[in-house]
> 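Before I ask anything, here is the structure I am working with.
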Amino acid sequence: MDKQIYLDHSATTYVKEEVLQEMIPYFTEKFGNASSIYSIGRESKKAIEDAREKVARALHCQPKEIFFTASGTEADNWAIKGVAFANRNKGNHIITSAIEHHAVLHTCQYLEKEGFEVTYLPVDEYGMVSLEKLQEAITDKTILISIMFANNEIGTIQPIKEIGRIAKEKGIYFHTDAVQAVGNVPIDVDEYNIDMLSLSAHKFYGPKGVGALYVRKGVKLHNFMQGGAQERGRRAGTENVPGIVGLGKAIELATRDIEGYNSKLRALRDRLIKEVLEKIPYTRLNGHPTQRLPGNANFSFEFIEGESLLLMLDMKGIAASSGSACTSGSLDPSHVLLAIGLPHEIAHGSLRITFGEENTEEDVDYVLEVLPPIVERLREMSPLYEEVKRGVKNV
Amino acid sequence: MDKQIYLDHSATTYVKEEVLQEMIPYFTEKFGNASSIYSIGRESKKAIEDAREKVARALHCQPKEIFFTASGTEADNWAIKGVAFANRNKGNHIITSAIEHHAVLHTCQYLEKEGFEVTYLPVDEYGMVSLEKLQEAITDKTILISIMFANNEIGTIQPIKEIGRIAKEKGIYFHTDAVQAVGNVPIDVDEYNIDMLSLSAHKFYGPKGVGALYVRKGVKLHNFMQGGAQERGRRAGTENVPGIVGLGKAIELATRDIEGYNSKLRALRDRLIKEVLEKIPYTRLNGHPTQRLPGNANFSFEFIEGESLLLMLDMKGIAASSGSACTSGSLDPSHVLLAIGLPHEIAHGSLRITFGEENTEEDVDYVLEVLPPIVERLREMSPLYEEVKRGVKNV
Amino acid sequence: MYSEKVMDHFMNPRNVGEIENADGVGQVGNPKCGDIMKMYLKIENGTIVDAKFRTFGCGAAIATSSMATEMVKGKTVDEALKITNKAVAEALDGLPPVKMHCSNLAEEAIKAAIQDYYKRHGMDWGEGDVCTGCCDSCHVEEE
Amino acid sequence: MYSEKVMDHFMNPRNVGEIENADGVGQVGNPKCGDIMKMYLKIENGTIVDAKFRTFGCGAAIATSSMATEMVKGKTVDEALKITNKAVAEALDGLPPVKMHCSNLAEEAIKAAIQDYYKRHGMDWGEGDVCTGCCDSCHVEEE
Ligand SMILES: Cc1ncc(COP(=O)(O)O)c(C=O)c1O
Ligand SMILES: Cc1ncc(COP(=O)(O)O)c(C=O)c1O
């Protein structure tokens with residue numbers, strides 16, 4: 001197998017060479033603890049503050065509203081638990097959506113056990129949250145709305161600005177998991193009335209194991225990680241200096257020409273979607289036709305199961321995914337695909353292709369060459385397809 | 001300033017070249033998400049499992065008892081909150097010591113607000129916890145004993161084996177914060193009856209932003225980080241593959257010849273201690289004379305304040321610390337030095353020197369040349385010293 | 001993740017298809033859980049002379065189907081009934097813990113096909129042994 | 001962390017020492033908090049002609065002591081009393097937020113020394129204005 005095409009940029013990205021080069025010195029000669037008083041300590045501190053400014057510039061906020069974490073997951077846990085426990089006196093109701101990442105969903109489920117009430121807003125067939133349903137769900141006990149910016153599986157981008165406006169009107173904190181959005185969609189936390197925002201570096205060509213939480217000045221939030229006085233006493237633990245430097249550089253690069261990057265990805269994606277739907281019968285596109293991440297295409301191929309499809313693609317050198325990477329250990333079909341109304345057996349047969357920087361039209365050609373026969377082969381093995389061909393089952 | 005001597009290895013270490021070289025490919029060509037099914041994903045998974053085995057070998061436990069975290073702080077938070085909330089039905093009492101790192105102390109203080117009761121065992125003048133006091137503190141509501149393996153400021157090593165035996169006899173979980181011990185002290189979790197153990201890679205020439213928690217099979221522990229199914233469903237968040245690989249390599253190197261490393265450090269430390277105490281009057285050694293980390297020397301110089309001492313040493317190219325790095329933002333004197341009975345003004349004037357791999361006898365020579373005149377100079381500026389010289393004040 | 005043997009049986013599955021006029025046909029699993037196995041047996045004088053399958057499912061499900069059909073061929077019905085899920089998994093050089101239920105499915109598919117054969121021949125064979133459909137019922141947790 | 005000016009006044013502090021037969025001596029701060037400043041003033045005809053200090057404290061404490069003694073020299077007592085902590089900090093090109101209390105200490109040390117001068121000359125000068133001793137009382141939080 002010679003060809004190797006990576007089409008799973010929503011799962012993770014490689015670290016760009018420029019990013020890695022900025023990180024390297026902080027592992028070796030500039031390794032000081034950022035809390036230390038001597039010069040290499042102060043250099044680390046400065047490197048962190050420079051990165052903080054870059055993040056602030058990307059999100060249009062103040063540097064001191066940015067707190068570095070070890071992941072998007074930690075940022076989500078912190079935001080949601082932190083607001084919940086700090087505002088228990090005001091209310092115990094949280095609104096989120098049924099298609100959030102598990103970092104949000106499982107955190108909300110944990111809070112339910114702790115006495116909080118959570119509304120999981122349903123979504124329409126495209127994965128869109130309805131603003132009316134959101135309005136209806138709000139009670140005078142609602143302390144937090146947490147709705148993801150863009151979905152990791154089907155790519156649907158939510159009406160964040162409108163949600164922010166509603167939250168602001170009602171005086172409710174608004175958190176958004178923007179792990180998939182940062183670097184792909186322009187974001188302005190003020191314009192969108194976002195109070196808290198989670199991001200993770202490894203989704204935009206930065207390193208794994210570092211993320212950030214934006215917290216608007218004034219938001220009441222408990223600490224999640226107890227310990228030393230790092231991050232102005234808000235997030236304990238020796239700072240991951242190389243990681244933070246990498247995050248800073250990566251977000252700078254990722255937001256430099258977001259429009260150019262987007263239109264490139266959109267072209268690849270749109271051609272892929274169009275031709276796959278034409279070439280392969282019994283196929284549907286999941287997610288919103290236009291309000292979706294520029295690099296995201298998500299298909300359901302009826303009668304076949306996703307894992308075997310991925311394995312066969314892998315044997316042809318194509319790295320793609322089914323559902324989200326985080327749940328691949330699980331046997332359950334994607335909660336996102338079920339939430340948009342797919343029946344179980346179809347939810348099992350999805351393929352997510354997410355384009356990135358290095359992908360080309362030739363990559364799309366290759367997928368279009370390789371994918372249809374694989375789908376056909378798996379269908380030939382499938383008892384469900386046999387029934388359809390025989391006319392036993394209607395589709 | 002030409003000379004640069006790093007003497008703060010307890011704050012953090014550089015990443016060894018061999019460690020960095022193992023990490024690098026996982027940033028670039030081997031960047032796959034470890035949860036992904038395709039080949040570069042599986043390679044990441046394998047790299048993580050290899051690292052897990054290395055950690056298990058170092059601690060003498062099973063690989064599946066090791067869970068990677070983003071720091072020692074996270075491991076401490078997880079262990080303590082996780083046991084507390086999972087065992088509330090059994091009791092609400094936790095025993096720890098007054099000289100723990102803030103990652104443990106602040107976590108315990110947080111739990112006090114949540115209805116738990118915490119006993120902070122006092123220590124003697126050397127920083128040792130008394131086994132009798134521990135025995136006395138145990139009640140039938142005690143669910144957890146958390147005592148650090150070795151102290152980060154004064155280096156005192158606790159009687160972990162005896163504490164483990166007591167905990168086991170009473171059927172109480174025993175957690176130890178071994179962030180300073182791993183790589184410096186041989187550890188066998190079975191021999192010591194340790195149920196949970198925290199470690200952090202950047203203390204033994206691994207990268208910042210990655211740690212681990214050892215959890216003995218069968219220990220009842222809630223998750224701390226909610227989200228994806230990583231780490232067998234126990235710790236969510238996309239795995240920091242390069243970081244974990246670095247941790248694995250670093251712990252392998254650090255535990256390979258721990259005796260040889262120790263005797264080297266001990267020689268440097270013992271000479272420094274002896275000569276500093278001889279050369280500089282009104283000086284005391286903090287911590288235990290023998291039961292201490294091989295590389296740790298901690299002095300109190302009366303009449304002077306620690307920060308100004310550190311700044312002057314920094315101007316001479318010596319990187320050292322006063323108290324712990326994490327609290328340098330704070331104005332309070334070290335809780336550890338107060339706990340061993342130092343008066344406030346003496347607790348303010350401490351110097352911690354922690355040796356590492358690259359230090360030499362020449363480094364000790366240099367410190368012995370530079371330190372006495374700096375102490376003298378600061379004392380000349382000090383109104384407290386003036387009083388002593390005049391005989392106004394007794395020491 | 002998967003052994004080479006599993007990958008071989010997945011990429012080159014043996015005995016895919018159906019047997020016209022099969023003597024026993026069994027289908028187990030449930031699309032909800034993402035696995036359905038349908039097995040066809042040709043049985044002559046109590047000996048399985050041919051076996052084919054169609055499977056909707058993951059790599060392990062396809063590989064175990066392939067291996068199970070290989071294993072039953074040439075065996076008597078009684079011998080075939082003794083094939084355990086462990087035996088199928090072992091013949092594949094093991095399966096990841098989270099995928100062990102797939103080998104259960106293979107065992108159940110053989111049983112279901114033989115049950116069908118018994119039924120057609122008016123022979124009795126107690127109910128209730130066969131997979132209820134959802135893999136949760138025979139789920140093997142990793143820990 | 002510290003400005004160059006602070007580092008200069010820390011590494012080369014002006015006016016360290018004491019004045020024999022000083023006209024006013026003030027000591028503020030508390031060893032508990034890690035800062036003690038003792039200031040000596042020589043005052044002729046209501047004008048400060050010399051100032052010296054001894055300080056136990058951090059880099060910022062030493063630098064502000066040094067700067068404060070420089071600033072009072074040549075000023076009348078009344079002018080000296082108008083020197084604010086902000087002025088001392090500004091003269092040093094700023095201090096880190098967490099260290100602002102050190103400049104408070106300098107302001108208080110000047111006041112204490114002048115109070116002592118007033119007392120010696122039998123002049124009255126209300127109580128209670130001077131630093132209580134512990135820096136918590138004039139603590140400036142970062143946010
Ligand atoms: C939408 C979303 N939220 C949160 C996360 C969690 O991020 P991380 O795995 O970096 O913690 C991810 C990706 O894994 C994601 O796609
Ligand atoms: C004893 C001890 N525990 C916990 C920690 C926290 O480790 P980290 O900062 O890597 O989270 C440290 C060091 O900072 C430490 O010395």
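Since the structure is predicted, the reported quantities are computational estimates derived from the model, not experimental observations. Below, chains carry the letters A, B, ... as their sequence lines are ordered, and counting in each starts from 1.
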> Let me know if A/A34 has heavy atoms under 4.5 Å from chain B in its side chain, its backbone, both or neither.
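Neither part.
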
> Could you tell me if the ring centre of B/F31 sits under 6.0 Å from that of B/Y26?
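Judged by ring-centre distance (under 6.0 Å), B/F31 and B/Y26 do not meet the cut-off.
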
> Does the side chain of B/T354 come under 3.5 Å of the side chain of B/H9 through a donor N or O and an acceptor N or O?
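Not at all, the side chains of B/T354 and B/H9 share no donor-acceptor pair under 3.5 Å.
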
> Chain B heavy atoms under 4.5 Å from A/E114: which part of the residue, side chain, backbone, both or neither?
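Contact with chain B: side chain only.
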
> For chain A, find which of B/T107, B/N223, B/L105, B/I24 contributes the most heavy-atom pairs closer than 4.5 angstrom.
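Of the options given, most contacts go to B/T107.
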
> Counting only heavy atoms closer than 4.5 Å, note whether A/E307 contacts chain B via side chain, backbone, both or neither.
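Contact with chain B involves both backbone and side-chain atoms of A/E307.
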
> Between A/F27 and chain B, with a heavy-atom cut-off of 4.5 Å, which part of the residue counts as in contact: side chain, backbone, both or neither?
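For A/F27, heavy atoms of backbone and side chain both lie under 4.5 Å from chain B.
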
> Measure A/L313 against the heavy atoms of chain B and call it side chain, backbone, both or neither at under 4.5 Å.
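Looking at A/L313, nothing touches chain B.
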
> Select one option (side chain, backbone, both, neither) describing which atoms of A/K81 are under 4.5 Å from chain B's heavy atoms.
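Answer is side chain: those atoms of A/K81 sit under 4.5 Å from chain B.
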
> Side chain, backbone, both or neither: which part of A/Y6 has an atom under 4.5 Å from a heavy atom of chain B?
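For A/Y6, side-chain heavy atoms alone lie under 4.5 Å from chain B.
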
> Ring centres under 6.0 Å, that's the criterion: do A/F85 and B/Y110 meet it?
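Not under 6.0 Å, so no.
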
> Could you check whether A/S10 and A/N152, counting side-chain N and O atoms only, form a donor-acceptor pair closer than 3.5 Å?
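No donor-acceptor contact under 3.5 Å links the two side chains.
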
> Is A/T13 in contact with chain B via its backbone, its side chain, both, or neither, using a 4.5 Å heavy-atom distance?
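For A/T13, the backbone is the part near chain B, not the side chain.
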
> Given heavy-atom pairs under 4.5 angstrom as the criterion, report whether the side chain, backbone, both or neither of A/H222 touches chain B.
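No part of it gets close to chain B.
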
> Shorter than 4.5 Å, heavy atoms on both sides: which option in B/N77, B/V210, B/N240 has the most such pairs with chain A?
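Heavy-atom pair counts peak at B/N77.
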
